2 protein chains.
Amino acid sequence: MKQAKISEAVVRRLPLYLQALNELLRSDVQTVSSQELGRKLDLNPAQIRKDLAYFGEFGRKGIGYDVSYLIGKIRHILKLDRNINVALVGAGNLGQALCNYNRYSRDNMKIVAVFDAHPDKIGMMINTMRVQPMEELKQTVEALQIRIGIITVPASAAQTVADQLAEAGVEGILNFAPAILKVPPNVRVHHADFTTELLSLAYYLERNAEDGDDDDEVVD
Amino acid sequence: MKQAKISEAVVRRLPLYLQALNELLRSDVQTVSSQELGRKLDLNPAQIRKDLAYFGEFGRKGIGYDVSYLIGKIRHILKLDRNINVALVGAGNLGQALCNYNRYSRDNMKIVAVFDAHPDKIGMMINTMRVQPMEELKQTVEALQIRIGIITVPASAAQTVADQLAEAGVEGILNFAPAILKVPPNVRVHHADFTTELLSLAYYLERNAEDGDDDDEVVD
DNA sequence: TAGATTGTTAATCGATTAACAATC
DNA sequence: TAGATTGTTAATCGATTAACAATC
């Protein structure tokens, strides 16, 4: 019974821990307490300890956590101790930026193939990759053992691409398009559309002074 | 007492509702029930009704919600019924992609200025915008009444840029850099670093067969 | 040893879901 | 009217935080 009932909230914090720990490693810090880590990440220390304890006993009482040891453990938990090949579909501005970015490569994730449906994109070079037509998706996914697909096409095309990726056999999809995707239960979708974050940010702006209506007032 | 105690989870769903409603509007659908909306968004209908009820009575019993009326209401709640000017800092690949994207412009949000610290970027044209040096940030924010800043610089520079944006007077920051920012309490930061989503996606991949150790087993 | 910090249980808090009277 | 669906209260569920014994 492997990794039963670990909540998504916990899993989503693990990359954050990794990020902070890598920073500490670069500063040659050997050991860190849940309190220090909590201060860095704006999280409750008890929560950090509890999260980690789901997976094992990684710390030492009275001491804290060994930074590089914990990095290794979290990388293992997230399955980042193996190379994971990624395909990107949609060679537009955003897609190209993500290919060039490739910061996650140090985490063993790498975009190894790029696809686009548009004839004028096909054949174009991004880094060392040639933009391939959608017809080559399935065979490439199999040949390169690609396990994750990134979608950077317009919302109107996102569902079709998701279907093609699922059919090609990827296990996970990172979706940048503002669309809710329907996929088979064996495929997991994570949403990366930042317009949600941008629009919800507007909610917290001050209303301008001249706009004094009370439509959205809440009395309790 | 305006908009007291509305939880972040609720606010974050509002842009999703907007997205689905806009789709319905394009399909000339007049009216929608919480059930239909829930099906489209994979959400519980009761949750949708409850979310909306925080802000007013927008539906009609036995009928549902008028699509374009509800769009107007949510846009008002999110303060998207006024133009909101945005500045972007970091004219790299990602920054350029976001400037060109500008899909959110139909939501009255618009990137109106681009900044970069690097001399070889300054003066470059993105769409109709000239990349400006950081020295011009404050005066431009004031002149154009910019209220939100987008950070697309490397993690190492993110905190400095956040300080400069806060000092220039923005009310909100959308941060794409993998870094936790410390800002004054009057500034709100939303996180848009997709590496978190990508790395947590790896957790849900199948372990390869040959990798049979039980380190992260959970017994309960 | 005394001080610090973990792992873990119990308490609290908040968010989601179910249920249903009101009503179109 | 009968059927549908809202707004809202109550019940449930889950996640966060506090507290503390164990121990380095």
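Reminder, nothing fancy here: chain letters follow the sequence lines and each chain counts from 1. Worth saying up front: this structure is predicted, and the values here are computed from it rather than measured.
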Inset, instruction - Tell me whether the guanidinium CZ or amine NZ of A:Lys73 lies under 6.0 angstrom from the six-membered ring centre of A:Phe55 and within 45° of its axis. - result: no
Legend entry - Span of DNA chain D in contact with chain B (heavy atoms, under 4.0 Å): D:dA4 to D:dT9
Legend entry - Exam field: side chain A:Asn175 to backbone A:His191, donor-acceptor pair closer than 3.5 Å: no
Inset, instruction - Please tell me which of A:Val10 and A:Arg49 maps to the more 5' nucleotide of DNA chain D, matching each residue to the nucleotide holding its nearest heavy atom. - result: A:Val10
Inset, instruction - Return yes if a side-chain donor-acceptor contact under 3.5 Å exists between A:Ser34 and A:Arg49, otherwise no. - result: yes
Legend entry - Most 5' of A:Ile63 and A:Ala46 on DNA chain C, judged by nearest nucleotide: A:Ile63
Inset, instruction - In plain terms, say whether A:Glu197 and B:Arg12 are close enough for a salt bridge, that is, a side-chain N and a carboxylate O under 4.0 Å apart. - result: yes
Legend entry - B:Lys40 side-chain N/O to B:Ala20 backbone N/O, donor-acceptor pair under 3.5 Å: no
Legend entry - Complementary nucleotide for C:dC20 - Watson-Crick or wobble, under 3.5 Å: D:dG7
